[in-house]
Number of protein chains: 2
Amino acid sequence: MDIATKPRKEQIEDVATDLFKNKGYAATSMRDIAAAVGIEAASIYSHIHSKEQILTGICFRMARAFMQGIEKVMQTSAPTDEKFKLAVIRHVDVITSDIAASAVFWNEWRHLSEPMLTEFISLQRKYEQLFRSLIEQGVEEGIFEVSNISFVVMAMLSSLNGIQKWHSYTLPPEELNHAFANIFLKGLKK
Amino acid sequence: MDIATKPRKEQIEDVATDLFKNKGYAATSMRDIAAAVGIEAASIYSHIHSKEQILTGICFRMARAFMQGIEKVMQTSAPTDEKFKLAVIRHVDVITSDIAASAVFWNEWRHLSEPMLTEFISLQRKYEQLFRSLIEQGVEEGIFEVSNISFVVMAMLSSLNGIQKWHSYTLPPEELNHAFANIFLKGLKK
DNA sequence: TGTGCTTGCTAACAAACGTTAGGTTGTTTA
DNA sequence: TAAACAACCTAACGTTTGTTAGCAAGCACA
């Protein structure tokens, strides 16, 4: 959908996402957002309750996308290494499908206030836990060889989540996901 | 050196680094910093020119540390795979030697203003370039096998720089550096 | 034709921001 | 002993912040 034909509320959210990514949440003012949309700051409040509501919306929408991705993978009956591959691919796809929102999700969540902050953090932990259990399973099956599972999962997720900072893509999205999946799988396999 | 016996200027910088890491540069006020030091906001200006000067100091001090690390490695006559290993170890060491400053270096540099901003970015590019050339050399020598060098370098650096976001260490610093070096080397080798 | 909803406006609010001015105190140096 | 300096203070500055109040225009539907 063309951005100009979107409902104003979505326009505001899109524009805010971009600004939050580029300037950071705290350094982006409601007047910045309004100017980018082409209205006055006060007019934003006809569509949105508060600045933080925009942030909350972005963070939890992305959290849901990541979580749904891995949960769907976990439910399949594919072999463990294939599951792992699918999980990585899905993770990369979620990021590349909305780079700006991913950047906000990853860099600005600390500006959430309670109780959303606690909920967000626990979602994040849960996600990491799912990845850990995937690798644990591979180790138990004897197809993965890993010295320290927690270390590997953190190193891997850091790598994936770093994509949003890359100044330019080194690979197109449809190759990036497989490239990551292959590189990690090579590192895990016995 | 105990923090209480440090010169006030350093105390301010240390406290500011911590706050910048946890709240972000834009969301940290001079009054926050002052309160953490135990003085009034205006008193900070007896020691420091501006808020941005603190940020500039942190960012370029870390940039220097990273750059010196890899330049020293490049000058040795070690074989390429050993050089690479040393470069990774040194990079991790710089991060773990000052996690808070690394976090600021990595997350808050966008709040630098010109001309420092441009200089900072070009330093970052130069650093990436050195890593790329290291891997290129390994590929030419036939000891590394890499599908896309830029991709691998970005994925690797993202992973390393993610350390500062980890809620807790998975490994103690003296093992973390080698763990990273080994995992990457395994991924690169033919 | 009138009612109510949507979307926008101007004006203003109290609070917080980085920073400066000017003064006081205690310590070091000539 | 006088002068200079370092380190802090209170008070205030102009600006920007997120947000509210109140109002106007345009449209939908009874």
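Convention: sequence-line order gives letters A, B, ...; per-chain numbering from 1. The figures that follow rest on heavy atoms only: side chains count, while hydrogens, waters and symmetry mates do not.
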Of the listed nucleotides dC9(C), dC8(D), dG18(C), the one nearest the side chain of Ile39(B) = dC8(D)
Return the value, rounded to whole Å, for the distance between atom [atom1] of [X] and atom [atom2] of [N].
| X | N | atom1 | atom2 | answer |
| --- | --- | --- | --- | --- |
| Glu40(B) | dA12(D) | CD | P | 15 Å |
| Ile12(B) | dA6(D) | CD1 | P | 14 Å |
| Lys9(A) | dG8(C) | NZ | C1' | 17 Å |
| Ile44(A) | dT17(D) | CD1 | P | 12 Å |
| Ile33(A) | dT17(D) | CD1 | P | 11 Å |
| Ile48(A) | dT6(C) | CD1 | P | 15 Å |
| Arg8(B) | dT27(C) | CZ | C1' | 16 Å |

Under 6.0 Å between ring centres, would you say that holds for His91(B) and Tyr127(B)?
-> yes
Listed partners of Asp93(B) passing salt bridge (charged side-chain N to carboxylate O under 4.0 Å, His left out), at least two apart | none
Could you list the residues that satisfy salt bridge (charged side-chain N to carboxylate O under 4.0 Å, His left out) with Lys23(A), not counting sequence neighbours?
-> Asp32(A)
So does Ser43(A) get a side-chain nitrogen or oxygen closer than 4.0 Å to the phosphate oxygens (OP1/OP2) of dC9(C)?
-> yes
Report yes if at least one side-chain N or O of His47(B) is closer than 4.0 Å to OP1 or OP2 of dC8(D); otherwise report no.
-> yes
Sugar-phosphate, base or nothing in reach of Ser46(A), heavy atoms under 4.0 Å = base
List the atom pairs, with distances to 0.1 Å, where a side-chain N or O of residues 51-67 of chain B and a protein N or O form a donor-acceptor pair under 3.5 Å, not counting sequence neighbours.
from	atom 1	to	atom 2	distance (Å)
Lys51(B)	NZ	Tyr25(B)	O	3.0
Lys51(B)	NZ	Thr28(B)	O	2.8
Glu52(B)	OE1	Ser113(B)	OG	3.2
Glu52(B)	OE2	Ser113(B)	N	2.8
Glu52(B)	OE2	Ser113(B)	OG	2.7
Gln53(B)	OE1	His49(B)	N	3.1
Gln53(B)	NE2	His49(B)	ND1	3.2
Thr56(B)	OG1	Glu52(B)	O	2.8

Would you check, one step at a time, whether the test side-chain contact (heavy atoms from CB on, under 4.5 Å) holds for Gln164(B) with Asn107(B)?
-> CA-CA 10 Å; Gln164(B) 41 90 13; Asn107(B) 300 317; 3.2 Å; yes
When you check the side-chain N and O atoms of Glu114(A) and Thr118(A), is any donor under 3.5 Å from an acceptor?
-> yes
Side chains of Gln124(B) and His167(A): donor-acceptor distance under 3.5 Å anywhere?
-> no
So the stems of DNA chain C, runs of at least three Watson-Crick or G-U pairs (under 3.5 Å), are C:1-30 with D:1-30
Measuring from Glu136(A):CD to Glu141(A):CD, what's the distance to the nearest 0.5 Å?
-> 12.0 Å
Residue list, ring-ring contact (aromatic ring centres under 6.0 Å, His included) with Trp106(A), at least two apart or on another chain = none
Pick out the pairs of N or O atoms, protein on one side and nucleotides 19-21 of chain C on the other, that lie under 3.5 Å.
from	atom 1	to	atom 2	distance (Å)
dT19(C)	OP2	Tyr45(B)	OH	2.6
dT19(C)	OP2	Lys51(B)	N	3.0
dT19(C)	O5'	Tyr45(B)	OH	3.2

